[in-house]
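Everything on this sheet refers to the single structure shown next.
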Amino acid sequence: MERTVRVAVVQSAPVLFDKASAMQKIAEWTKEAAKQQAQLVVFPETFVSGYPRGFTFGTRVGSRTDSGRKDWARYWESAVEIPGEDMDFLGQIAYDAGVYLIVGVVEREAESGSSTLYNSMVYIGPDGRLLGKHRKLMPTGAERLLWGSGDGSTLTVIQTPFGRIGGLICWENYMPLARTAMYAKGIDLFITPTADARDTWQATIQHIALEGRCFVLSSNQYATKNTYPDDLACLDELSGQPDVLSRGGSAIVGPLGEYVIKPLWDEEGLLVADLPLDQIVQSRYDFDVMGHYNRPDIFQLMVNEKKRSIVEFQR
């Protein structure tokens with residue numbers, strides 16, 4: 001395993017529901033990260049094609065509005081299929097830059113007639129190949145109106161020359177058993193794309209780093225009202241909202257819970273750091289969550305990694 005890895009965490013936002021804007025920003029930021037010799041580049045939750053903060057999509061208990069349905073359909077149109085042409089495009093970006101690329105996306109189901117969307121992140125190798133994806137297990141609160149729930153088949157961890165990379169999206173990191181499942185896969189670099197710009201999120205990523213004795217790379221959007229198109233059917237829902245909709249807070253944390261790079265607030269930016277991987281083993285000297293601090297005689301976890309399906313065709 002390589003002894004150090006240079007990583008880059010992107011804090012930015014595309015134009016909401018505009019896939020072309022998101023892809024352009026991914027290309028630009030990845031190119032900049034490659035200029036700084038990054039080997040791994042991480043983008044925020046639902047970067048393609050945006051996190052619709054502040055919208056209700058016209059939903060009340062017992063009813064939905066026509067304008068809300070129109071905006072949701074626009075969100076669906078801007079989603080990606082995995083695999084598909086959009087993944088090929090991201091693969092070319094990763095290949096040209098020679099980096100591992102991790103991007104939060106809104107995923108449109110490609111395998112059936114379902115129109116359900118998922119909050120996912122994709123892992124792409126420096127050779128341009130799609131290495132895997134993860135679907136958010138449980139969308140939070142009103143997010144459940146937009147996205148379906150993932151299953152255990154995408155608890156993905158990728159082996160790289162600089163260790164195992166994987167992660168969970170935003171508040172599913174508050175699910176202790178989900179974290180345990182990831183730790184059990186020997187994760188070294190824990191990716192936590194998020195939409196949470198509160199100070200309390202910082203305590204979360206520091207805890208994960210300490211608990212898993214791993215590096216944590218947390219990427220959030222810096223989003224303002226001018227990243228929202230002015231022709232949305234429910235645009236009036238933003239009235240009264242502040243101009244800055246997400247102030248960021250992207251950060252990198254080391255395996256003893258200390259900041260490698262402190263949170264970036266109130267601006268776009270690129271966090272670049274060299275991570276000394278020897279610190280992972282050193283940190284586990286006194287706490288190894290899946291080793292000497294594990295008590296399988298008392299606690300056990302069963303993880304169902306089968307793909308969920310409600311219909312099975314037999315021939």
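Computed from a predicted structure; not experimentally measured.
Sorted by first then second residue, the side-chain hydrogen bond (donor to acceptor under 3.5 Å, both in side chains) pairs that include residues 283-292, not counting sequence neighbours, are Arg213-Asp286. Pairs engaging residues 54-68 under the salt bridge (Lys or Arg N to Asp or Glu O under 4.0 Å) rule: none recorded [sequence neighbours left out]. Among residue pairs with one or both ends in residues 168-181, those qualifying as side-chain hydrogen bond (donor to acceptor under 3.5 Å, both in side chains) are His134-Glu172, Trp171-Asp196, Tyr174-Thr204, Arg179-Glu211; sequence neighbours excluded.
Ring geometry for Phe162 versus Tyr100: interplanar angle over 60°, hence perpendicular rather than tilted (30 to 60°).
Inter-residue side-chain proximity for Gln241 and Lys225 is flagged as met; some heavy-atom pair is nearer than 4.5 Å. Annotation: side chain of Val105 is not in contact with side chain of Thr46 (no heavy-atom distance under 4.5 Å). A 4.5 Å side-chain heavy-atom check between Pro193 and Phe43 finds every atom pair outside the cut-off. Residues Leu155 and Met182 are in side-chain contact: their nearest non-hydrogen atoms beyond the backbone lie under 4.5 Å apart. With contacts defined as side-chain heavy-atom distances shorter than 4.5 Å, the pair Leu270/Trp29 qualifies. Taking 4.5 Å as the limit, every side-chain heavy atom of Val99 sits out of range of all side-chain heavy atoms of Pro126. Using a 4.5 Å cut-off on side-chain heavy atoms (C-beta onward), Ile169 and Met121 make contact. For the pair Lys70 and Arg74, the minimum side-chain heavy-atom distance is 4.5 Å or more.
Taking Tyr123 as the reference, nothing meets the side-chain hydrogen bond (donor to acceptor under 3.5 Å, both in side chains) condition, with sequence neighbours excluded. Partners of Asn220 under the side-chain hydrogen bond (donor to acceptor under 3.5 Å, both in side chains) rule, at least two apart in sequence or in another chain, do not exist in this structure. In this view, Pro276 and Phe215, Gln279 satisfy the side chain to side chain contact (heavy atoms under 4.5 Å, CB included) rule, not counting sequence neighbours. Checked against side-chain hydrogen bond (donor to acceptor under 3.5 Å, both in side chains), Asp297 has the following partners two or more places apart in sequence or in another chain: Arg295. With sequence neighbours left out, Asn304 forms a side-chain hydrogen bond (donor to acceptor under 3.5 Å, both in side chains) with no residue at all.
Here the closest non-hydrogen pair linking Ser149 and Leu137 is CB-O, 3.1 Å. In terms of heavy-atom proximity, Lys136 sits nearest to Cys170 at NZ-CB, 3.8 Å. The heavy-atom pair separating Ala94 from Gly125 by the smallest distance is CB-O, 3.6 Å. Heavy atoms only, all atoms of each residue included: Gly150 and Arg308 are closest at O-NH1, 4.1 Å. The two atoms that bring Arg247 and Ala197 nearest to each other are NE-O, 3.0 Å, heavy atoms only. Taking every heavy atom of both residues into account, Val303 and Ala181 meet most closely at CG2-CB, 4.0 Å.
Salt bridge Glu305/Lys185: present, at least one basic N to carboxylate O contact under 4.0 Å.
Other members of the cluster containing Trp265 do not exist, because no ILVMFWY side chain is joined to it at under 4.5 Å. When hydrophobic side chains of Ile, Leu, Val, Met, Phe, Trp and Tyr are connected at separations under 4.5 Å, Phe299 ends up clustered with Ile298. Alongside Val244, the hydrophobic cluster contains Tyr222 (criterion: ILVMFWY side chains under 4.5 Å). Through direct or relayed side-chain contacts under 4.5 Å between Ile, Leu, Val, Met, Phe, Trp and Tyr, Val106 connects to Leu16, Phe17, Tyr51, Phe55, Phe57, Trp72, Tyr75, Trp76, Leu117, Leu146, Trp147, Tyr228, Leu232, Leu235, Leu238, Leu245.
Met87 and Ile26 fall within the same hydrophobic cluster, defined by Ile, Leu, Val, Met, Phe, Trp and Tyr side-chain heavy atoms under 4.5 Å apart, directly or through other members. Ile208 and Leu256 sit in two unconnected hydrophobic clusters of ILVMFWY residues. Membership requires side-chain heavy atoms under 4.5 Å apart, directly or through other members. One hydrophobic cluster, built from ILVMFWY side chains closer than 4.5 Å, cannot hold both Leu217 and Tyr259; they sit in different ones. Linking ILVMFWY side-chain heavy atoms closer than 4.5 Å, directly or via other members, places Ile187 and Ile158 in two distinct hydrophobic clusters. The hydrophobic cluster containing Ile165 also contains Ile261, counting ILVMFWY residues as joined when their side-chain heavy atoms lie under 4.5 angstrom apart, directly or transitively.
Without hydrogens or angle criteria, Glu45 side chain to Ala195 main chain gives a donor-acceptor distance under 3.5 Å. Under the 3.5 Å distance criterion, the side-chain polar atoms of Ser219 are matched with a main-chain donor or acceptor of Val10. Between the side chain of Ser246 and the backbone N or O of Gln221, at least one donor-acceptor pair lies under 3.5 Å. Not one N or O on the side chain of Thr30 forms a donor-acceptor pair closer than 3.5 Å with the backbone of Ala27. Put simply, the side chain of Asp71 gets close to the backbone of Cys234: a donor and an acceptor are under 3.5 Å apart. One N or O on the side chain of Arg6 and one on the backbone of Gln36 form a donor-acceptor pair closer than 3.5 Å. A donor-acceptor contact shorter than 3.5 Å links the side chain of Gln11 to the backbone of Leu264. Asp151 contributes no side-chain N or O that, together with a main-chain N or O of Lys307, makes up a donor-acceptor pair within less than 3.5 Å. A side-chain donor-acceptor contact under 3.5 Å links Asp188 to the backbone of Arg164.
Within 6.0 Å of OH in Tyr95 there are 12 or fewer heavy atoms belonging to other residues, nucleotides or ligands. Other residues, nucleotides and ligands contribute over 12 non-hydrogen atoms within 6.0 Å of the CD atom of Glu258.
Between Leu189 atom CG and Ile280 atom CD1 the span is 5.5 Å, to the nearest 0.5 Å. Put simply, NZ on Lys25 and CD on Glu28 are 6.5 Å apart, with the number rounded to the nearest 0.5 Å. Distance CG/Asp18 to CD/Gln24: 9.0 Å, rounded to 0.5 Å. In this structure, Leu40 CG and Ile191 CD1 are separated by 5.5 Å, a value rounded to the nearest 0.5 Å. Atoms CG and OG1, from Asp274 and Thr4 in turn, are 6.0 Å apart once rounded to the nearest 0.5 Å. Expressed to the nearest 0.5 Å, how far CG of Leu275 lies from SG of Cys214 amounts to 11.5 Å.
Gln206 and Gln202 form no side-chain donor-acceptor contact under 3.5 Å, judged by distance and modelled atom types alone. For Glu268 and Ser12, the side-chain atoms include at least one donor-acceptor pair closer than 3.5 Å. There is no side-chain donor-acceptor pair under 3.5 Å between Thr194 and Thr192. Side chain to side chain, Gln92 and Asp88 fail the donor-acceptor criterion of an N or O pair below 3.5 Å. The closest side-chain donor-acceptor pair between Ser114 and Glu109, if any, does not fall under 3.5 angstrom.
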Practice item. Check the pair Thr156 / Thr154 against side chain to side chain donor-acceptor pair (under 3.5 Å), numbers first and verdict last. Key: CA-CA 5 Å; Thr156 301; Thr154 66; 5.4 Å; no
Exercise for review: Apply the test side chain to side chain contact (heavy atoms under 4.5 Å, CB included) to residues Val48 and Val103: give CA-CA distance (whole Å), side-chain angles for both, the deciding distance (0.1 Å), then the verdict.
Suggested key: CA-CA 8 Å; Val48 187; Val103 181; 4.2 Å; yes
